[in-house]
There are 2 protein chains.
Amino acid sequence: MQSTAQIVSIRARESGCAECAFRGECVACGEGGCAPARADEVMVAPKVLHRGDHLFRTSDDFQNIYMVRSGAIKTYVILQSGEEQVIGFHTPGDIVGLDAIESGGHMCNAMVLDTSCICPLRFDQLCRLSQRVPDVQSRLMNRLSRKIVDHEALLLILGQKTAEQRMAAFLLHFSRRQHDLGLSALDINLPMSRADIASYLALAVETVSRVLTRLQDGGLLDVQRNRVRILDLQRLATIAEETLEARPRPSRVARPLH
Amino acid sequence: MQSTAQIVSIRARESGCAECAFRGECVACGEGGCAPARADEVMVAPKVLHRGDHLFRTSDDFQNIYMVRSGAIKTYVILQSGEEQVIGFHTPGDIVGLDAIESGGHMCNAMVLDTSCICPLRFDQLCRLSQRVPDVQSRLMNRLSRKIVDHEALLLILGQKTAEQRMAAFLLHFSRRQHDLGLSALDINLPMSRADIASYLALAVETVSRVLTRLQDGGLLDVQRNRVRILDLQRLATIAEETLEARPRPSRVARPLH
DNA sequence: CGACCGCTTGAGAACCTTCAAGCGGTGTGG
DNA sequence: CCACACCGCTTGAAGGTTCTCAAGCGGTCG
């Protein structure tokens, strides 16, 4: 017993769960910290990956889901034309790879944008564990559900008509994300290229660039390479939220049909 | 024992699991059919709802997820401007309400487009059941994961640049869906309005109308109100898949960064 | 039968894209 | 160590697709 507990705690220490900022949110860990027995089953040693590295590629076998502890990941697919289409950006606290559960193979590529620390979690073990520990099960479900909600929020962003609105919504999303991590909500570092943003928002690179300049000229932002300072959060939010239909016009409100 | 089994089987019969076309896919049922004990815990009597009815509304308490057995549902949110933004369409075999798991409240409204038979499934019971029955757990996970994949596919559609491509992809999606249900892949009934489609695809109503006319003039479709016959599936697929960048041009293929 | 609603069609305007060129930084080879 | 090339980003001009506004058509419901 004693020796087992010791071995296990070494594993937990290796993985650095004790210092992990997302302990409370981790699907494998409980609120009170990571129970060693859990870590032992589910955890693989955390990886440090660098800009340009791939976490996984399309049709790679699905074994792990990946918790981002630091850095940034982008997921993307290659279209028939050979062009790259960015699906999402993943920052600390996010889990990558949830779209592989059903098919058993990854549906996209995951590339590291910025030196990242990634915790692989064995999905089959996670499932087994969640049979015994209701808390783990609900965390897992919650994660999956959150992903769905996030996607729906993104659909709303893409539903925004103008490029300015999409960009504003995108920046605000990052701002809130940073804030939630305890970082500045106004000083954003964008780890992805303009081309990545363009693909993600379904815009041309040139448009992204122009919109950023326009927002800067308007005194809303201070853009310097990938460093964006939000100068007028209020106005940015107004842009993001206002739809073109805000004018007096027969509003297309949802009504019961007949 | 005997009497319990009998009561239970009555419940299962009430819910009509025996004749349900989606028995094999139902999160509550196993491959061999719906185990009565399961149905008893999880199932609520199936509802029949009509055009214009709401299954749930934003911020309604989350208790059930809903399996669509027949008919069609749309989910949408109301934007600040009062305008309606359609999030998704749900046809037989789909599950609605998965986005409420994490927050405990529904994130959108669900309106019936066409007389529908809906199976409410008690989510808390489903979780409890999935603790005991691994098969149920994996079905549930798979469903959540599939939803994520579906959303990503939709993001790709919206990433498609032209209105024609989006429309083609939308129609093909419906076509495949119908085919999977054992119905005709070429004779599609669209239960939603043009405005719904427009909102969903981030286009103007007029554009949706024009694109449909254009596709009809091109001999790809035969459009009659909400009834669409696909005359040239091959060409429709070509339109949907080809990206604008298909021409010889320095391809923006994903490459390792440096 | 009339009004309303959903859909279609037309014309003009607006926004975004495309094509083209130039700038600045980084990395590499001479 | 410097120069050059490459890459990402920006900026400009022209063109195109889609949006907006407006009007008309057809079906449905009261």
Side-chain angles (χ1 to χ4, degrees), chain A residues 51-52 74 81 83-84 86 113 158-168 190-199 201-217 221 223-228 239 243-258, chain B residues 51-52 74 81 83-84 86 113 158-168 190-199 201-217 221 223-228 239 243-258:
Chain A
R51 184 174 176 74
K74 79 167 175 188
S81 59
E83 204 188 1
E84 177 184 326
V86 174
L113 293 171
L158 291 180
Q160 303 273 38
K161 308 276 182 297
T162 74
E164 230 166 39
Q165 290 178 313
R166 290 187 207 177
M167 198 66 214
L190 297 176
M192 72 295 285
S193 69
R194 299 287 192 270
D196 287 336
I197 299 175
S199 172
L201 297 178
L203 297 171
V205 189
E206 296 91 331
T207 306
V208 170
S209 183
R210 267 187 264 269
V211 168
L212 283 176
T213 335
R214 209 182 310 155
L215 290 174
Q216 175 163 271
D217 292 347
L221 299 178
V223 183
Q224 291 192 358
R225 266 186 105 50
N226 289 334
R227 200 167 183 77
V228 176
I239 289 179
T243 16
L244 299 177
E245 315 297 315
R247 297 167 254 169
R249 200 193 178 209
S251 62
R252 293 191 238 151
V253 180
R255 261 176 296 184
L257 307 166
H258 307 216
Chain B
R51 184 173 176 76
K74 80 167 173 187
S81 59
E83 203 187 3
E84 177 184 327
V86 174
L113 293 171
L158 292 181
Q160 304 270 43
K161 307 281 183 296
T162 73
E164 230 167 40
Q165 289 178 315
R166 291 187 208 180
M167 198 65 213
L190 296 177
M192 72 294 286
S193 69
R194 300 285 192 268
D196 287 336
I197 300 175
S199 172
L201 296 179
L203 296 171
V205 190
E206 295 91 332
T207 306
V208 170
S209 182
R210 267 187 264 269
V211 168
L212 283 175
T213 329
R214 210 181 311 156
L215 290 174
Q216 176 163 268
D217 291 347
L221 299 178
V223 183
Q224 291 192 1
R225 265 187 105 50
N226 289 335
R227 200 167 183 76
V228 176
I239 290 179
T243 17
L244 299 178
E245 315 296 316
R247 298 167 253 167
R249 200 193 178 212
S251 61
R252 294 192 238 151
V253 179
R255 261 175 295 182
L257 307 168
H258 307 223

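Keep in mind it's a predicted model, so treat the numbers as computed, not measured. Labels below follow one simple rule: chain letters A, B, ... track the order of the sequence lines, proteins then strands, and each chain is numbered from 1.
- A search for side-chain hydrogen bond (donor to acceptor under 3.5 Å, both in side chains) contacts involving Arg210(A) returns nothing, not counting sequence neighbours.
- Nearest-nucleotide positions on DNA chain D for Arg166(B) and Arg194(A) put Arg194(A) closer to the 5' end.
- Residues Arg166(B) and Gln160(B) meet the side-chain proximity criterion, which asks for heavy atoms closer than 4.5 Å.
- Distance Leu201(A) CG to dC16(C) C1': 14 Å, rounded to the nearest Å.
- In this structure, Gln165(B) places its CD atom 15 Å from C1' of dG16(D), rounding to the nearest Å.
- Distance, Arg214(A) CZ to dG12(D) P: 12 Å, rounded to whole Å.
- Arg214(A) CZ: more than 12 foreign heavy atoms inside a 6.0 Å radius.
- Comparing the local axis fitted to the first five base pairs of the helix from dC1(C)-dG30(D) to dG30(C)-dC1(D) with the one fitted to its last five gives a bend of 30°, rounded to 10°.
- The side chain of Ala163(A) lies closest to dC16(C), out of dC9(D), dC16(C), dT17(C).
- The side-chain heavy atoms of Gln224(A) and Gln216(A), taken from C-beta on, include no pair separated by under 4.5 Å.
- Side-chain N or O atoms of Arg194(B) include none that pairs as donor or acceptor with a backbone N or O of Val205(B) at under 3.5 Å.
- Atom CG of Asn226(A) is separated from atom P of dC7(D) by 18 Å (rounded to the nearest Å).
- One can place CD1 of Ile197(A) at 11 Å from C1' of dC9(D), the figure rounded to the nearest angstrom.
- In this structure, Ala202(B) and Gly159(A) approach most closely via the heavy-atom pair CB-CA, 4.0 Å.
- Residues satisfying the side-chain hydrogen bond (donor to acceptor under 3.5 Å, both in side chains) test with Thr207(B), not counting sequence neighbours, are none.
- Not a single side-chain hydrogen bond (donor to acceptor under 3.5 Å, both in side chains) links Ser209(B) to another residue, sequence neighbours left out.
- In the model, Ser193(A) has a side-chain atom that pairs as donor or acceptor with a side-chain atom of Asp196(A) under 3.5 Å.
- Between Leu158(B) atom CG and dC16(C) atom P the separation is 16 Å, expressed in whole Å.
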Please write out the pairs of protein N or O atoms and N or O atoms of nucleotides 9-12 of chain C separated by less than 3.5 Å, giving the distance to one decimal.
from	atom 1	to	atom 2	distance (Å)
dT9(C)	OP2	Thr213(B)	OG1	2.9
dG10(C)	N7	Arg210(B)	NH1	2.8
dG10(C)	O6	Arg210(B)	NH2	3.3
dA11(C)	N6	Arg210(B)	NH2	3.4

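- The distance from atom CG of Asp196(A) to atom P of dG8(D) is 10 Å, rounded to the nearest whole Å.
- Between Lys161(B) atom NZ and dC19(D) atom P the separation is 15 Å, expressed in whole Å.
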